[in-house]
Amino acid sequence: MTTPLKSFIEVAPNSDFPIQNLPYGVFSETPEGQRRVGVAIGEWVLDLAAIEAAGLLQLSGGRTYFNQSTLNDFIASGRENWTALRTQLQQLLAADTATLRDNAELREKAFFKQAAVTLHLPVQIPGYTDFYSSKEHATNVGCMFRDPKNALLPNWSELPVGYNGRASSVVVSGTNVVRPSGQIKLPTEDRPIFSPCRKLDFELETGFIVGKPNQLGQPISIENAWDHIFGMVLFNDWSARDIQQWEYVPLGPFNSKTFASSISPWIVTLDALEPFRTRCPEQEPRPLHYLREENVDNSFDINLSVEVKPENQTQADVICKTNFKYMYWSMAQQLTHHTIAGCNVQVGDLMGSGTISGPTPDSYGSLLELTWNATKPLQLSNGEQRSFLQDGDTLIMRGYCEKDGLRIGFGEVSGKVLPAVQFNFDQN
Ligand code: MN
């Protein structure tokens, strides 16, 4: 067995960011300061703009990529550059490479404590799509709102169901989320009322970032789909269940989802996730030919958890533990299906997995399922109960892979719920 690669930067054993990970993000030293691209290692951010300016990176394209506010240009420069940068950074950060290790002046300019910087959206997101690819989640929702005997609609097992979401309201971890208001139809009333959402929920998801576009009218084949994916993030698809239940017929969710969707700041590349490949659950019926992905490890073993921290509490309660590997449809199948009618995807597009629920009640990826639509409230350690989120609650999602002493993590995506906007409507 070969000795695992080590960095001259000290990395704690439980860190999400060893030298084998190297996820990309965008940071600034002050909230309004100059944004540039960085890579996470241990507790640090390595400023790629500084490293690039010092002439330590050799990438193709004859230009610079990192002294800018998004990763889009670098991602668009192609897979050859993705691999080259990863290889060069692993060399540069290796314990036995002197170049950066022994250059105190450059180290001073290029390393920043993650806790001391502001992290921003890592990509400009032209489009956001959300899928519905967890069989357990779709079954739970079908049982609750339709018919337990026919919980899954007939199309669900034939295609990755999805809808086009709203890219403009995708926010980075740490951004507060204002409780939405809208139309709510109470069972006792003939007409809807206008009210702050009373059933504010999270959806535990991951998202993938598109790394390579396709031409309009030219679908991405299932064989090529993985080449179009740059990396993954954690994703909280905040959901207003009461608004959703009234508005979603017949075109799907609208304002119940558009008020905010949060992503983690670090994009973990597929190269870093490679050791954790596994296979999606058996697909029965066998998918139509264009979605067929057989004899391929087309999923990843990623541990996921959700915590809720009420206002003024220091302790967060873990309310869900699950795993990405339960997802029925793969990311490649989602992307291929998305383009099969000719839709062109773009570099930076965000594709949400859909709520990731596991087989057991403690592995459900939403409060809707965890509390079975408020019929089984959760007991928190501070004595309070939760059916849905309250103002002041902070919701935190984490994710990591672990095997043979190697841990590749995503960090976290968090957000705090703020009270609804006050409306002063004219009485007429
Ligand atoms: Mn969702």
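Each residue takes its place number in the sequence, starting with 1. One-based numbering, in listed order, for ligands and for the atoms of each. Every value quoted in this text rests on a predicted model; they were computed, and no experiment measured them.
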Please check if the distance between the ring centroids of W82 and F230 is under 6.0 Å.
-> yes
What pairs with E412 under salt bridge (Lys or Arg N to Asp or Glu O under 4.0 Å), at least two apart in sequence or on another chain?
-> R398
For L186, check side-chain contact (heavy atoms from CB on, under 4.5 Å) against everything at least two apart and list the hits.
-> I184, T188, E189, I193, R198
With sequence neighbours excluded, give me every ring pair (Phe, Tyr, Trp, His ring centres under 6.0 Å) pair touching residues 26-45.
-> F27-F112
Test of ring centre spacing under 6.0 Å for F276 and F324 | no
May I ask you to list the protein N, O or S atoms found at less than 2.8 Å from the Mn ion (ligand 1)?
-> D130 OD2, E203 OE1, E205 OE2, D237 OD2
Which atoms form the tightest heavy-atom contact between F300 and N323, and what is the distance?
-> O-OD1, 3.9 Å
